[in-house]
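Small disclaimer: the values here were computed from a predicted structure and weren't measured.
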Number of protein chains: 2
Amino acid sequence: MTTQEGVQPMSAAEEAFVRALSRVLQVLPRAVDQDMTRAGQLPLSEYMALVHLSEAQDRLMRMSELAAACDLSLSGMTRIVARLEQRGLVQRVRCEADGRGANAVLTEAGLQHLREAWPAHLASVRRHLLDHVEGEHLETLTQVLQRMVTAY
Amino acid sequence: MTTQEGVQPMSAAEEAFVRALSRVLQVLPRAVDQDMTRAGQLPLSEYMALVHLSEAQDRLMRMSELAAACDLSLSGMTRIVARLEQRGLVQRVRCEADGRGANAVLTEAGLQHLREAWPAHLASVRRHLLDHVEGEHLETLTQVLQRMVTAY
DNA sequence: GGTGTTTGCTTGCTGCGTCAAGCAAATATT
DNA sequence: AATATTTGCTTGACGCAGCAAGCAAACACC
């Protein structure tokens, strides 16, 4: 925490910004997640794990890497991979170089699922997010958002 | 869901934007929440309920209003108010005009808690959000965010 | 090379929020 | 006015994610 005393109160504009963002934070993830599950696809958290895996070298990642990529705790990732493994979309492979380590590997079925699922995901993201942003603002916005989380 | 077939793929800029936003979505609420609980205050969800109540006429709101204001389900709000009531920060009062309805009323203790808690909340919000936004972008950003959630 | 520490992941427990079902008061229908 | 429907909220069951504790493998040190 910072100083805590003598913090400058929010201006009206700041207040509006914070309210809008917290509303977005509250509403959007649920909306996209619902779109996906209603379309018969995986929940967003599991889908994102697959996406990260699909982009990785050999479609394989250490559990800790994957957790970091998804901004989830390691234990959370353990359970997500467990669910994905049950569905046969991912396989857990003990790490050769380090016997403690586990790798999550995207299976062929996982890749296939991703091929089927991405249009639904993309459509949802377009509808909820991108359709509301004018192109000229896109980069500014991205920069601001990135700065908010670079500390982590 | 929208059409689902023939959705336009994302440009690199769009992709970056979506990733940045989803990272923010994932990380920021937890960060602020942790700041508040570490500062010995209520979790963010309960704090926000108090804030909304404090701004209401007679510091009193119907459960359903409050749930809508906080973007939570009614059942979720039932539980939050139950927790707040246990701490004596809120009181539940049957609605006079409509015997089914329940009002949540902010108690004096609740108001007092709010007076103590807001600096911590404000500091956290400044640190995580506002410090990263230059004034000139604030309004643009607010507009975009507002448009994203006006549908709900 | 044996003991102590660190690292990488998993598991038990807990809290939160959702959905679906339940219940009671209010309103509509006849 | 008696019954059926709707409305407003609560409760039960569930799933998800986090923390803290646990467990093995790896490394470090003597």
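The residue B:R94 sits apart from the nucleic acid: no heavy atom pair falls under 4.0 Å.
Atom CD in B:Q34 sits about 16 Å away from atom P in D:dA17, given to the nearest Å. Atom CZ in B:R83 sits roughly 4 Å away from atom P in C:dC16 (whole-Å rounding). Computed from coordinates, the A:R100 CZ to C:dT11 P distance equals 18 Å when rounded to whole Å. Here the P atom of nucleotide C:dC9 and the CD atom of A:E85 are 14 Å apart, to the nearest Å. When the P atom of D:dT10 is taken as reference, atom CG of B:N103 falls 11 Å away, rounded to whole Å. Note: CE (B:M48) to P (C:dG17) measures 13 Å, nearest angstrom. Remark: P of D:dA17 and CD of B:Q26 are 8 Å apart, rounded to the nearest angstrom. The interatomic distance linking A:R62 (CZ) with D:dA25 (C1') rounds to 11 Å, in whole Å.
A salt bridge is defined here as a Lys NZ or Arg NE, NH1 or NH2 lying under 4.0 Å from an Asp or Glu carboxylate O, and A:E134 with B:R147 meets this definition.
The side chain of B:S75 places no N or O atom within less than 4.0 Å of a non-bridging phosphate oxygen (OP1 or OP2) of D:dT10. Contact between the side-chain N/O atoms of B:S64 and the OP1/OP2 oxygens of D:dC9 is found at a separation under 4.0 Å. Look at B:R92 and you'll find a side-chain N or O under 4.0 angstrom from OP1 or OP2 of D:dT10.
Where A:R79 and A:G101 each meet DNA chain C at their nearest nucleotide, the meeting point lying more 5' is that of A:G101. The nearest heavy atom of DNA chain D to A:G99 and to B:L74 marks one nucleotide each, and the one closer to the 5' end goes with B:L74.
Side-chain atoms of B:N103 do not come within 3.5 Å of backbone N or O of B:L60 as any donor-acceptor pair.
Nearest nucleotide to the A:D98 side chain, out of C:dT11, C:dG8, D:dC19: C:dG8. Counting only heavy atoms from C-beta on, B:L72 has its side chain closest to C:dT18 among C:dT18, D:dC16, D:dT10.
A donor-acceptor pair shorter than 3.5 Å cannot be found between the side chains of B:Q26 and B:R23.
The environment of CD in B:E136 is crowded: more than 12 heavy-atom neighbours from other residues, nucleotides or ligands sit within 6.0 Å.
For the atom pair CD (B:E14) and OG1 (A:T142), the distance works out to 9.5 Å, reported to the nearest 0.5 Å.
Within 3.5 Å, no donor on the side chain of A:S45 pairs with an acceptor on the base of D:dC16, nor the reverse.
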